[in-house]
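Note that the structure is predicted; figures quoted are calculated from it, not measured. Each ligand, and each atom within it, is numbered from 1 in the order the structure gives.
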Amino acid sequence: MQLIFLGPPGAGKGTMATRVADDHDIPHISTGDIFRYNINNKTALGLQVKSILDSGELVPDGLTIDLVRDRLGQEDCSKGFILDGFPRTIAQAEALESFSDIRCVLNFSLSDEIIVDRLSGRRVHKSSGRTYHVLHNPPKVSGKDDVTGEELIVRSDDQVDSVRKRLSVYYEQTAPLKEFYQNKGILHEVDATPPPDEVYESIKTILAET
Ligand code: ADP
Ligand code: AMP
């Protein structure tokens, strides 16, 4: 099962990918998480991409494509995988064709107003990437990770200016991928507006039918 979760930032792709990946025992591969892991650990890649992530721009295609090609070549991807946040450009989607066999793309859609609400309330446990929302998916203890009890943070790119930039980058560079996959007949629409359990049920229905 090779899946792409496509959609704007804050649509709930990561939240749903975690659940679906657990159900099917396949890895959830988020390029954003990989970049943030490298930034947190101050690797050469992390130092190279930190200012790009903070600005809300995209990391260059060549670098991102090489990273994903390597990751998909690892043993744990042999049964399948969920790509979350990749591809984000037509060039990435075209490159992906040469090293994958994607037959199902889920496109998460929701209004800009809800996107801004989700991103402004998002809280993250830095080392694990576990994600909460202050209202819609709160941790058991306010401001603390459920598993470790450690502090939750606001992602630096969830600040208002970065969010605006990320949305405009999404509409310019990533939204055209909908047509790319529609033309291949493998795009499935997911209304990402309802509460998490409802979105999850609609994804399960799509996956059972494909
Ligand atoms: P993405 O991976 O698409 O950027 P996330 O999965 O991180 O989005 O979700 C963004 C925020 O919205 C998080 O704070 C998350 O807890 C919350 N969230 C995710 N899905 C829903 C939903 N269906 N309803 C309300 N809030 C949601
Ligand atoms: P995300 O966690 O998916 O919201 O991604 C956070 C940031 O990581 C983006 O704003 C980009 O700067 C970078 N990024 C993640 N995935 C990609 C990608 N496929 N191509 C280029 N940049 C990416």
Side-chain angles (χ1 to χ4, degrees), residues 4-21 28-39 45-46 48-69 71-72 82-93 95-96 106-111 113-126 128-139 145-146 152-159 161-170 172-174 177 190-203:
I4 292 174
F5 284 12
L6 188 68
K13 303 182 299 296
T15 303
M16 292 302 136
T18 305
R19 293 173 74 163
V20 176
H28 161 208
I29 300 170
S30 154
T31 37
D33 282 351
I34 296 173
F35 291 133
R36 281 185 291 278
Y37 174 86
N38 280 274
I39 291 170
L45 172 64
Q48 194 179 347
V49 302
K50 182 176 184 330
S51 62
I52 302 177
L53 265 80
D54 283 344
S55 72
E57 300 277 358
L58 294 184
V59 173
D61 281 336
L63 201 164
T64 309
I65 290 165
D66 286 349
L67 184 96
V68 174
R69 188 190 292 108
R71 182 66 189 86
L72 299 190
I82 301 175
L83 283 172
D84 159 16
F86 183 95
R88 256 176 157 100
T89 64
I90 295 285
Q92 292 179 10
L96 180 63
L106 300 187
N107 181 55
F108 288 56
S109 56
L110 77 177
S111 69
E113 199 185 332
I114 301 178
I115 291 172
V116 170
D117 166 70
R118 289 199 185 165
L119 292 178
S120 60
R122 176 156 65 181
R123 300 291 180 272
V124 178
H125 178 237
K126 200 168 174 180
S128 70
R130 268 185 293 280
T131 299
Y132 304 85
H133 189 282
V134 288
L135 296 178
H136 311 308
N137 179 25
D145 176 48
D146 286 352
L152 301 177
I153 59 145
V154 177
R155 267 172 53 174
S156 53
D157 61 350
D158 281 346
Q159 314 288 346
D161 285 350
S162 277
V163 168
R164 280 206 197 95
K165 181 71 202 166
R166 285 157 68 208
L167 272 178
S168 74
V169 167
Y170 165 76
E172 272 167 35
Q173 303 198 52
T174 307
L177 293 180
V190 174
D191 178 2
T193 315
D197 286 347
E198 265 180 58
V199 178
Y200 178 59
E201 286 307 317
S202 61
I203 291 173

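- The salt bridge (charged side-chain N to carboxylate O under 4.0 Å, His left out) contacts involving residues 117-126 comprise Arg122-Asp158, where partners must be two or more places apart or lie in separate chains.
- Comparing Arg166, Gln92, Arg88 against atom 5 (O) of ligand 2, the shortest heavy-atom distance belongs to Arg88.
- Using a 4.0 Å cut-off to heavy atoms of Thr31, the atoms of ligand 2 that qualify are 15 (C), 16 (N), 17 (C), 19 (N).
- Side-chain contact between Ser202 and Asp191: absent, with no pair of heavy atoms (C-beta onward) separated by less than 4.5 Å.
- Remark: ligand 2 atoms within the under-4.0 Å shell around heavy atoms of Phe86 are 19 (N).
- In summary, of the residues considered (Thr15, Thr18, Asp145), a side chain to side chain donor-acceptor pair (under 3.5 Å) with Arg130 occurs for Asp145 alone.
- Distances shorter than 4.0 angstrom occur between a heavy atom of Arg36 and an atom of ligand 2.
- Taking only nitrogen or oxygen atoms, main chain and side chain alike, Leu58 does not reach within less than 3.5 Å of ligand 2.
- Here the heavy atom of the protein found nearest to atom 22 (N) of ligand 2 is Val59 N, 3.0 Å.
- Separating the CG atom in Asp61 from the CD1 atom in Ile90 is a distance of 10.5 Å, to the nearest 0.5 Å.
- Contacts of Thr64 with ligand 2, taken as heavy-atom pairs under 4.0 Å, involve the side chain alone.
- Summarising the geometry, atom NZ belonging to Lys165 is positioned 9.0 Å from atom CG belonging to Leu58; distances are rounded to the nearest 0.5 Å.
- Counting non-hydrogen atoms of neighbouring residues, nucleotides and ligands closer than 6.0 angstrom, the CD atom of Glu113 reaches no more than 12 such neighbours.
- Looking only at side-chain heavy atoms (C-beta outward), Leu96 and Leu72 come within less than 4.5 Å of each other.
- Considering CG of Asp33 and CZ of Arg36, their distance stands at 5.0 Å, rounded to 0.5 Å.
- Contact annotation: for Arg155 versus ligand 2, heavy atoms closer than 4.0 Å belong to the side chain alone.
- At under 3.5 Å, a nitrogen or oxygen of Glu57, whether backbone or side chain, sits near a nitrogen or oxygen of ligand 2.
- Heavy-atom neighbours of Tyr37 OH from other residues, nucleotides or ligands within 6.0 Å: at or below the threshold of 12.
- Within the 4.5 Å cutoff, the side chain of Thr193 has no heavy atoms near those of the Ser111 side chain.
- Near ligand 1, residues Pro8, Pro9, Gly10, Ala11, Gly12, Lys13, Gly14, Thr15, Arg118, Arg122, Thr131, Tyr132, His133, His136, Asn137, Pro194, Pro195, Pro196, Val199 come within 4.0 angstrom through at least one heavy atom.
- No donor-acceptor pair closer than 3.5 Å links the side chain of Lys13 to the backbone N or O of Asn107.
- Scanning all protein heavy atoms for the shortest distance to atom 23 (C) of ligand 2 gives Phe35 CE1, 3.7 Å.
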